[in-house]
Amino acid sequence: MKSKAEDLNYTAWIIRLNAGEMIAFEWLYNTYKHQLASNLLKLVKASDIAEDILHDVFVKVWENRTKIDPERSFEGYLYRIAANMVADFYRKISKDRNYQQYLVNIQETVYQHIDELLENKYRRELIDKALTELPPKCRTVFQLCKIEGRSYEEVSDLLQISPNTISNHLNRANKKILLFLQNPVNLPYFLLLLWTK
């Protein structure tokens, strides 16, 4: 958390940016570029694409410099722009056949985020929405194993099904949740959750 003195310092830089001072722009760029680039790389999984988006974010900052409110969080402003640009990027590539392989390549990374999403009650809302898309038995197995943390043996005894069937239900659930998360309609919500990670 920034101290009051640091907040005043950031406010002064934003005011100077509002006035069009290039030195203020460079200071803000150098202050935020590494953290923002790191977050972008986690989301797009390609350094050249992350760099392009980072560049576009700061171009937008410069173009809108007079509209930036010095009293509001500049960091929040940056991340909102970046999240919108990443969502636009995924919307565009979801329609382009040349990028289909790219989406397949990052599918495994998105799968890893399913377990991470379950750890936070706010992020659980997205998973809960995805769970409504599952067949009832599949949803029950996923909830018992992944959400409640029960073992295959416990679930097997409880539902009177084999551990192999449980594994099949979990695989089906994971695939359907991945499809749900990769749907461009749900992408902005998923990206917002990743930014708050």
Side-chain angles (χ1 to χ4, degrees), residues 34-54 76 79-80 82-197:
H34 296 295
Q35 183 181 355
L36 187 57
S38 172
N39 285 333
L40 286 168
L41 187 57
K42 286 178 194 172
L43 293 173
V44 297
K45 309 300 178 207
S47 59
D48 56 333
I49 295 169
E51 285 174 28
D52 287 347
I53 294 174
L54 178 70
Y79 285 115
R80 195 165 46 254
N84 288 337
M85 288 186 173
V86 170
D88 290 345
F89 165 74
Y90 277 109
R91 274 191 210 99
K92 184 165 44 170
I93 69 170
S94 70
K95 297 173 186 168
D96 188 338
R97 288 207 176 273
N98 294 331
Y99 284 103
Q100 292 302 315
Q101 187 58 44
Y102 176 82
L103 290 173
V104 169
N105 291 341
I106 66 164
Q107 180 176 1
E108 203 167 293
T109 306
V110 175
Y111 170 75
Q112 292 168 356
H113 289 293
I114 293 172
D115 284 337
E116 293 168 11
L117 285 172
L118 288 171
E119 295 172 8
N120 185 303
K121 68 177 182 175
Y122 300 109
R123 295 178 186 135
R124 276 281 308 283
E125 289 177 15
L126 187 62
I127 293 295
D128 288 342
K129 190 174 176 189
L131 287 177
T132 63
E133 306 287 319
L134 297 177
K137 193 72 146 189
C138 201
R139 180 172 52 245
T140 302
V141 169
F142 186 89
Q143 286 176 319
L144 291 170
C145 290
K146 292 290 189 176
I147 297 174
E148 294 180 19
R150 296 183 188 222
S151 69
Y152 278 32
E153 291 80 20
E154 287 178 287
V155 177
S156 177
D157 289 342
L158 189 65
L159 300 178
Q160 297 297 304
I161 56 176
S162 72
N164 204 26
T165 304
I166 292 169
S167 179
N168 291 338
H169 280 303
L170 287 176
N171 285 333
R172 187 175 309 130
N174 284 326
K175 285 178 185 171
K176 285 191 176 282
I177 290 171
L178 276 176
L179 287 172
F180 177 86
L181 294 176
Q182 289 176 338
N183 183 334
V185 171
N186 300 313
L187 188 62
Y189 305 108
F190 182 59
L191 293 175
L192 180 64
L193 295 172
L194 290 177
W195 279 113
T196 61
K197 202 169 172 289

Rounded at 0.5 Å granularity, tell me how far CG in Asp48 sits from CG in Leu41. 10.0 Å
What pairs with Arg139 under salt bridge (Lys or Arg N to Asp or Glu O under 4.0 Å), at least two apart in sequence or on another chain? none
Value rounded to 0.5 Å, distance of SG in Cys145 from CG in Leu170: 4.5 Å
Positive for side chain to side chain donor-acceptor pair (under 3.5 Å) with Arg150, one of Glu148, Glu154, Glu153: Glu148
Considering non-hydrogen atoms only, spot the tightest contact between Pro163 and Tyr152 and give its length. O-CD2, 3.8 Å
Hey, what do you get for CD1 (Ile166) to CG (Leu144), rounding to the nearest 0.5 Å? 8.5 Å
Can you check whether His169 reaches Ile161 side chain to side chain, under 4.5 Å on heavy atoms? yes
Gap between atom OG of Ser47 and atom CG of Asp52 - 0.5 Å precision: 9.5 Å
Value for CZ (Phe89) from CD1 (Ile49), rounded to nearest 0.5 Å, stands at 3.5 Å
Using every non-hydrogen atom in the two residues, find where Leu40 and Ala82 come nearest and quote the distance to one decimal. CD2-CB, 4.2 Å
With distance as the sole test, does Thr140 use its side chain to make a donor-acceptor pair with the main-chain N or O of Pro136 at under 3.5 Å? yes
Rounding to 0.5 Å, atoms CG (Asn171) and SG (Cys138) come to a distance of 9.5 Å
Could you give all pairs that pass the side chain to side chain donor-acceptor pair (under 3.5 Å) test and reach residues 157-166, with sequence neighbours left out? Ser162-Thr165
